[in-house]
Amino acid sequence: MNNQSTIIIAEAGVNHNGSIETAKRLIDVAIVAGADYVKFQTFKAETLVTQTADKAEYQKELTNTNESQFEMIKKLELDRKTHEELINYCEQKDMKFLSTAFDHDSIDLLAELDIPIFKIPSGEITNLPYLRHIGKMRKPIIMSTGMSTLGEVRNALNILIESGAEKEQITILHCNTEYPTPMEDVNLKAMITIRDELDVNIGYSDHTLGIEVPVAAVAMGATVIEKHFTLDRTLPGPDHAASLEPDELKEMVNSIRNIEKAMGDGVKKPSPSETENIPIARKSIVARKPIKKGELFTENNLTVKRPGNGISPMEWDDVIGSKANIDYKIDQTIKGEI
């Protein structure tokens, strides 16, 4: 996962609403947008949540209030056959498929399907058996850290490493799990804290409205960006309202790629595009008034004006007090005197 280019994960999640055709349309959108991966979610309702578990407030607002969390997610399951069909579809389209496993059976299923990266969702960061299971897979890992303290992130990281994962192959994503995340709760600087305190690759999983925050995260050093997207924000379902629509996803990818170009190599020097502006924008020492050959240059008979194709004003002290080798007219560039 060590790549100079930011890895952009287009998070389809459960925005397929249980339809394989919708899932394929989401894959197509991710391709057009230029994302590196399209990611779904793999779970079995029976092993993920109890029959009576409550829904989050944002889920209550966006879904049927009479159904439980179990009933809501049961309709969004993807079985093995569907996974295989979507993976095959991605391969045909030259798109890389990922999915987040939410339980042990799902981890094993994704391992059997040879998923290249294991994604750990924020809710599993305190799930010791789950973390050990992922660590034993000895594959690259991306871990979201919403709702967690730095201490919890450190503990989870240590468990993964002790279970067999290589630290260099783990990327930790700063994240906030509120959908949508209020700007004042983003706390992007925490991403830098994670990097500095834990010495790991960092990234950002975004649930804000818009694209400004993930673009800013890239400028701050994120190596992975994850963002939910949908075909239409008005569709029914828990995650659509806080997701990007197709044109917005494409705009985010383009903006991130532009920021990558803009970051440069850090060497302060004239760029190729501005080199030709140097003589136009800079200045030279020129004659303020007519100067005769042999006359001394003084602050009264010299000044500084554009263009910058003569002696630099930085040589002013060396020119003052020297003699003119030729006659100069007003505004004539002083040349070859030092």
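R288 has no carboxylate O lying under 4.0 Å from a charged side-chain N of E299, or vice versa, which leaves the two without a salt bridge. Ion pair K24/E85 flagged as a salt bridge, since at least one NZ, NE, NH1 or NH2 atom sits closer than 4.0 Å to an Asp/Glu carboxylate oxygen. With salt bridges taken as basic N to acidic carboxylate O contacts below 4.0 Å, one links E226 and K39. Look at E260 and R257 and you find a salt bridge, because one of the NZ, NE, NH1 or NH2 atoms lies within 4.0 Å of a carboxylate O, short of that distance. Under the 4.0 Å criterion applied to side-chain N and carboxylate O atoms, E295 and K289 are not assigned as salt-bridge partners. By the 4.0 Å N-to-carboxylate-O rule, K227 lies too far from D239 to be salt-bridged with it. Salt bridge annotation for R25-E21: absent, with no cationic side-chain nitrogen under 4.0 angstrom from a carboxylate oxygen. Here E91 does not pair with K96 in a salt bridge; the nearest charged N to carboxylate O distance is not below 4.0 Å.
Residues D196 and T193 bring no donor and acceptor atom of their side chains to less than 3.5 Å of each other. Side chain to side chain, H207 and T181 fail the donor-acceptor criterion of an N or O pair below 3.5 Å. Defined by atom type and a distance below 3.5 Å, a donor-acceptor pair is present between the side-chain atoms of D108 and H133.
In terms of the side-chain hydrogen bond (donor to acceptor under 3.5 Å, both in side chains) criterion, E152 has no residue partners (sequence neighbours excluded).
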When you look at L235 and D232, which way does the side-chain contact (heavy atoms from CB on, under 4.5 Å) test go after all the steps? CA-CA 6 Å; L235 288 170; D232 183 346; 3.8 Å; yes
side-chain contact (heavy atoms from CB on, under 4.5 Å) assessment of K81 paired with I20: CA-CA 11 Å; K81 182 180 178 182; I20 190 167; over 6 Å; no
What's the verdict on side-chain contact (heavy atoms from CB on, under 4.5 Å) for H16 and L78, showing C-alpha distance, side-chain angles and the deciding distance? CA-CA 10 Å; H16 50 76; L78 300 176; 3.6 Å; yes
D105/L109 under side-chain contact (heavy atoms from CB on, under 4.5 Å): CA gap, chis, key distance, verdict: CA-CA 6 Å; D105 289 345; L109 171 60; over 6 Å; no
Assess the residue pair K119 and E124 against the criterion (salt bridge (Lys or Arg N to Asp or Glu O under 4.0 Å)); give the C-alpha distance rounded to whole Å, side-chain angles, the decisive distance to 0.1 Å, and a yes or no. CA-CA 10 Å; K119 170 66 201 302; E124 306 305 325; over 6 Å; no
Derivation and outcome, ring-ring contact (aromatic ring centres under 6.0 Å, His included), residues Y89 and F97: CA-CA 9 Å; Y89 188 79; F97 177 96; over 10 Å; no
Show your reasoning for whether side-chain hydrogen bond (donor to acceptor under 3.5 Å, both in side chains) applies to N187 and H174. CA-CA 9 Å; N187 193 18; H174 176 53; 5.1 Å; no
Derivation of the side-chain hydrogen bond (donor to acceptor under 3.5 Å, both in side chains) call for N258 and S255: CA-CA 5 Å; N258 283 336; S255 296; 5.6 Å; no
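Under the 4.5 Å side-chain heavy-atom criterion for grouping Ile, Leu, Val, Met, Phe, Trp and Tyr, I330 is not connected to F297 through any hydrophobic cluster. The hydrophobic cluster containing M95 does not contain V32, counting ILVMFWY residues as joined when their side-chain heavy atoms lie under 4.5 angstrom apart, directly or transitively. At a threshold of 4.5 Å between side-chain heavy atoms, the hydrophobic network of Ile, Leu, Val, Met, Phe, Trp and Tyr places I278 and V286 in two separate groups. By the rule that hydrophobic residues join a cluster once side-chain heavy atoms approach within less than 4.5 Å of another member, Y204 and M147 end up as members of separate clusters. Hydrophobic clustering (side-chain heavy atoms under 4.5 Å, transitive across Ile, Leu, Val, Met, Phe, Trp, Tyr) keeps I285 apart from L296.
For K139 against P116, the heavy-atom pair with the smallest separation is CD-O, 4.2 Å. Looking at every heavy atom in both residues, I161 comes nearest to I170 through CG1-CD1, 4.1 Å. V153 and S148 make their closest contact through CG2-OG, 3.4 Å (heavy atoms, listed as atom of the first residue, atom of the second, distance). Scanning both residues, I172 and L198, for their nearest heavy atoms gives CD1-CD1, 4.2 Å. Minimum interatomic distance between G203 and M191 (heavy atoms only, all atoms of both residues): O-SD, 3.4 Å. Nearest heavy atoms, I192 versus I202: CD1-CD1, 4.3 Å.
Between F40 and H83, the distance from one ring center to the other does not fall under 6.0 angstrom.
Residues V38 and L98 have side chains not in contact (no heavy-atom distance under 4.5 Å, counting atoms from C-beta outward). With contacts defined as side-chain heavy-atom distances shorter than 4.5 Å, the pair I115/T42 does not qualify. Taking the side chain as every heavy atom from C-beta outward, F102 and P121 approach each other to under 4.5 Å. Side-chain contact between D103 and Y130 is absent, with no heavy-atom pair separated by less than 4.5 Å. Here the side chains of L173 and I225 are not in contact, with every heavy-atom distance at 4.5 Å or above. Contact check for P214 versus D206: side-chain heavy atoms found under the 4.5 Å cut-off. The shortest side-chain heavy-atom distance between N309 and S284 falls under the 4.5 Å cut-off. Between I291 and D327 the shortest side-chain heavy-atom distance does not fall below 4.5 Å.
A side-chain donor-acceptor contact under 3.5 Å links T298 to the backbone of N300. The backbone N or O of E251 lies less than 3.5 Å from no partner atom in the side chain of N254, so there is not a single donor-acceptor pair. Put simply, the side chain of E77 gets close to the backbone of A45: a donor and an acceptor are under 3.5 Å apart. With hydrogens and angles ignored, the 3.5 Å screen pairs a side-chain donor or acceptor of N17 with a backbone N or O of P236. R306 contributes a side-chain N or O that, together with a main-chain N or O of A281, makes up a donor-acceptor pair within less than 3.5 Å. For T230 (side chain) and R233 (main-chain N/O), no donor-acceptor pair under 3.5 Å exists by modelled atom type.
For K136, the NZ atom counts as loosely surrounded, since its 6.0 Å shell holds 12 or fewer non-hydrogen atoms of other residues, nucleotides or ligands. For R282, the CZ atom counts as loosely surrounded, since its 6.0 Å shell holds 12 or fewer non-hydrogen atoms of other residues, nucleotides or ligands. Atom CG of D94 has 12 or fewer neighbouring heavy atoms from other residues, nucleotides or ligands inside a 6.0 Å radius.
In this pair, Y179 and H228 present their aromatic rings perpendicular. The plane angle is above 60°, beyond the 30 to 60° band.
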